[in-house]
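The structure appears below as structure tokens.
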Amino acid sequence: MISFPFSASKSMAAAAANPFLLLRHSHALRALTTAKTSLGFPNSHCRIPILPLLHSNRSIHRISAAADEEASAKAAAASADSGGPTIFDKIIAKEIPSTIVYEDEKVLAFRDISPQAPVHVLVIPKFRDGLTQLSKAEPRHAEILGHLLYAAKIVAEKEGIQDGFRVVINNGPDACQSVYHLHLHILGKRPMKWPPG
Ligand code: 5GP
């Protein structure tokens with residue numbers, strides 16, 4: 001029988017204050033989604049094929065993490081157009097803590113709670129204005145979209161990664177978007193592979 005190792009670290013503490021993370025790290029969800037994967041449910045872009053990876057606990061972690069990402073993304077997409085507040089609204093309002101690395105009147109940049117690289121910063125517009133995801137952009141958003149990219153450059157400089165960093169926008173459930181408030185991921189301080197996974 002496959003076990004599902006899970007380290008109860010700062011992720012769990014964060015999960016207690018953040019239902020989004022609770023969903024991501026739930027044992028039950030992890031087991032369920034992993035079981036679905038192993039039963040041969042159709043693969044999607046967010047899922048890693050299971051057979052080549054079943055040789056170590058580390059691989060099982062990767063499979064579970066991918067399945068969690070997919071489940072989170074689908075759950076988030078279901079309420080994406082409700083216009084309701086997201087966890088990022090609470091971060092903007094400073095109702096929940098974050099580590100801010102840059103801020104101006106239009107954007108906020110803070111460290112991702114689940115970093116995928118030594119530097120992993122999110123840059124978000126303070127006023128969402130319908131920009132739940134990039135595919136909802138309208139002509140009126142052109143200025144803030146440019147501002148977000150310029151802020152990404154400032155963040156890269158502040159973090160000392162201007163010679164090599166990646167800017168990612170996950171758009172929609174097939175790209176594993178999980179928070180429906182447009183955001184740029186700024187990733188750096190590790191080698192980046194191409195094509196991305
Ligand atoms: P997405 O999957 O939508 O492209 O990215 C959302 C990101 O938000 C994820 O990388 C996730 O780790 C991050 N995130 C979710 N909740 C929080 C939070 O409460 N605080 C911080 N700092 N990041 C969060």
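All residue numbers in this chain count up from 1 along the given sequence. Start at 1 and go down the list; that is how both ligands and their atoms are numbered.
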Does any non-hydrogen side-chain atom of Thr86 lie less than 4.5 Å from one of Arg128? yes
Report yes if the side chains of Phe110 and Ile124 come closer than 4.5 Å at any heavy-atom pair, otherwise no. yes
Any chance you could lay out the ring pair (Phe, Tyr, Trp, His ring centres under 6.0 Å) test for His183 and His185, step after step, and finish with the verdict? CA-CA 7 Å; His183 51 281; His185 296 257; 5.1 Å; yes
If you count the atoms of ligand 1 from 1 in the order shown, which ones are under 4.0 Å from a heavy atom of Phe110? 21 (C), 22 (N)
Per-residue contact class, Thr99 against ligand 1 - non-hydrogen pairs under 4.0 Å: neither
So, do Glu143 and Lys106 sit near enough that their side-chain heavy atoms are less than 4.5 Å apart? yes
Lys90 near ligand 1 by a heavy-atom separation under 4.0 Å: no
Out of Ile100, Ile113, Ile87, Ile96, who gets a non-hydrogen atom closest to atom 14 (N) of ligand 1? Ile113
A student comparing Val168, Ile91, Ile124, Val179 should find that the heavy atom closest to atom 20 (N) of ligand 1 comes from Ile91
Is the shortest heavy-atom distance from the side chain of Phe88 to the side chain of Leu122 under 4.5 Å? yes
Value rounded to 0.5 Å, distance of CG in Asp104 from NE2 in His147: 3.5 Å
Enumerated ligand 1 atoms positioned under 4.0 Å from heavy atoms of Ser178: 1 (P), 2 (O), 3 (O), 5 (O), 6 (C)
Do any N or O atoms from the side chain of Arg140 and from the backbone of Asp129 form a donor-acceptor pair under 3.5 angstrom? yes
State whether Lys126 and Glu103 are salt-bridged, where the test is any N-O pair (Lys NZ or Arg NE/NH1/NH2 against Asp/Glu carboxylate O) under 4.0 Å. yes
His185 N/O to ligand 1 N/O under 3.5 Å: yes
Using a strict 4.0 Å cut-off to heavy atoms of His183, name the atoms of ligand 1 that fall inside it. 1 (P), 3 (O), 4 (O), 5 (O), 6 (C)
Which of the atoms of ligand 1 are close to Ser114, meaning less than 4.0 Å from one of its heavy atoms? 12 (O)
Considering only heavy atoms of Gln177, which atoms of ligand 1 have at least one such atom less than 4.0 Å away? 3 (O)
Those atoms of ligand 1 less than 4.0 Å from some heavy atom in Phe88: 8 (O)
Cys176: numbered ligand 1 atoms lying under 4.0 Å from its heavy atoms: 2 (O)
